[in-house]
Amino acid sequence: QVQLVESGGGLVQPGGSLRLSCSASRSISSFNRMGWYRQALGKERELVADISNGGGTRYVDSVKGRFTISRDWAKNMVYLQMNSLKPEDTALYYCYGRGSVPNNYEYWGQGTQVTVSS
């Protein structure tokens, strides 16, 4: 089983920035798509951003223009750069990877907490 480990969360003031990192235990080329979900207290889990094997990206409307997802093939890493953070960005952020060979599958990290507060 592939291991995904998130890091980079923490406490930041509104308007600040954080970069989340997701380290995979094997080549990320095995995933068709990787990305980040978040779960805030009292809210449903939502997809924040993801990136396809071909480099295409998607973002939830609330983070467009502020967050950027990227990959580093050589380091087996996926990143989420978060700028202009708002209190409503406070959540537990999960890294995930999805593949389809030989069958559909998903892997999830344990999550990293992001808290935006003054």
Side-chain angles (χ1 to χ4, degrees):
Q1 301 291 318
V2 66
Q3 181 73 43
L4 300 177
V5 180
E6 304 97 332
S7 62
L11 175 64
V12 64
Q13 294 184 337
S17 298
L18 287 173
R19 188 181 75 162
L20 304 184
S21 299
C22 176
S23 177
S25 61
R26 69 184 188 193
S27 174
I28 59 175
S29 64
S30 62
F31 297 112
N32 293 338
R33 184 173 293 276
M34 299 188 70
W36 298 86
Y37 276 78
R38 67 185 180 187
Q39 177 75 61
L41 289 175
K43 294 185 177 181
E44 296 182 351
R45 191 170 177 135
E46 68 174 349
L47 176 67
V48 179
D50 64 13
I51 184 167
S52 72
N53 204 39
T57 59
R58 302 185 298 181
Y59 299 91
V60 66
D61 286 344
S62 61
V63 309
K64 289 181 178 177
R66 300 188 297 119
F67 291 11
T68 302
I69 188 170
S70 62
R71 299 185 301 191
D72 186 328
W73 292 97
K75 296 181 179 179
N76 294 333
M77 300 285 289
V78 177
Y79 305 99
L80 185 67
Q81 179 66 47
M82 305 185 294
N83 298 324
S84 301
L85 283 162
K86 304 175 180 180
E88 50 263 45
D89 294 317
T90 296
L92 187 63
Y93 285 72
Y94 297 92
C95 177
Y96 83 96
R98 298 189 302 183
S100 61
V101 179
N103 300 292
N104 293 338
Y105 63 88
E106 295 183 348
Y107 292 99
W108 295 82
Q110 294 299 307
T112 185
Q113 179 67 39
V114 172
T115 302
V116 185
S117 177
S118 60

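The shown structure was predicted, so the numbers you read here are calculated from the model rather than taken from an experiment.
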query = Does the side chain of Ser29 pick up a donor-acceptor pair with the side chain of Ser27 at under 3.5 Å?
reply = yes
message = Set out, in order, the CA-CA distance, both residues' side-chain angles and the distance that settles side chain to side chain contact (heavy atoms under 4.5 Å, CB included) for Arg58 and Asp50, then state yes or no.
response = CA-CA 5 Å; Arg58 302 185 298 181; Asp50 64 13; 2.5 Å; yes
message = Given the ring of Tyr94, does Arg45 sit roughly above its face, with NZ or CZ under 6.0 Å from the centre of the six-membered ring and within 45° of the axis?
response = yes
Anything under 3.5 Å between a donor and an acceptor, one on a side chain of residues 17-26, the other on a protein residue two or more places apart or in another chain? List them.
| unit_1 | atom_1 | unit_2 | atom_2 | d |
| --- | --- | --- | --- | --- |
| Ser17 | OG | Asn83 | OD1 | 2.9 |
| Ser25 | OG | Gln3 | N | 2.7 |
| Arg26 | NE | Ser30 | OG | 3.3 |

query = Parallel under 30°, tilted from 30 to 60°, perpendicular over 60°: which one fits the rings of Tyr37 and Tyr96?
reply = perpendicular
inquiry  = So which atom in Val48 and which in Tyr93 form the shortest heavy-atom distance, rounded to 0.1 Å?
reply    = CG2-CE2, 4.1 Å
inquiry  = So does Arg38 get a backbone contact from the side chain of Glu46, meaning a donor-acceptor N/O pair under 3.5 Å?
reply    = no
ask   = Can you hop from Val114 to Val63 via hydrophobic side chains spaced under 4.5 Å?
value = yes
task = Consider only side-chain heavy atoms of I, L, V, M, F, W and Y, link residues closer than 4.5 Å, and tell whether Tyr79 and Val2 are in one cluster.
result = no
key: Spacing of CE belonging to Met77 relative to SG belonging to Cys95, to within rounding of 0.5 Å   = 9.0 Å
inquiry  = Looking at every non-hydrogen atom in both residues, tell me the closest pair between Thr90 and Gln113 and how far apart they are.
reply    = CG2-NE2, 4.0 Å
request  = Please round to the nearest 0.5 Å and tell me the distance separating atom OG of Ser118 and atom CG of Leu11.
outcome  = 10.0 Å
inquiry  = Tell me whether Ser52 contacts the main-chain N or O of Gly55 through its side chain, where contact means a donor paired with an acceptor under 3.5 Å.
reply    = yes
ask   = Are the side chain of Arg98 and the backbone of Gly35 linked by a donor-acceptor contact shorter than 3.5 Å?
value = no
query = Are Lys86 and Asp89 ion-paired here, with the side-chain N under 4.0 Å from a carboxylate O?
reply = no
query = Which of parallel (below 30°), tilted (30 to 60°) and perpendicular (above 60°) describes Phe31 and Tyr107?
reply = perpendicular
message = Which heavy atom of Ala49 sits nearest to which heavy atom of Leu80, and what is that distance?
response = CB-CD1, 4.1 Å
task = Kindly give the heavy-atom pair with the smallest separation between Gln110 and Leu92, and that separation in Å.
result = O-CD2, 4.5 Å
task = With rounding to the nearest 0.5 Å, note down the distance linking CG in Leu4 to CH2 in Trp108.
result = 10.0 Å
Gap between atom CZ of Arg66 and atom CG of Leu85 - 0.5 Å precision = 6.5 Å
Set of side-chain contact (heavy atoms from CB on, under 4.5 Å) partners for Thr57, sequence neighbours left out = Ile51, Tyr59, Ile69
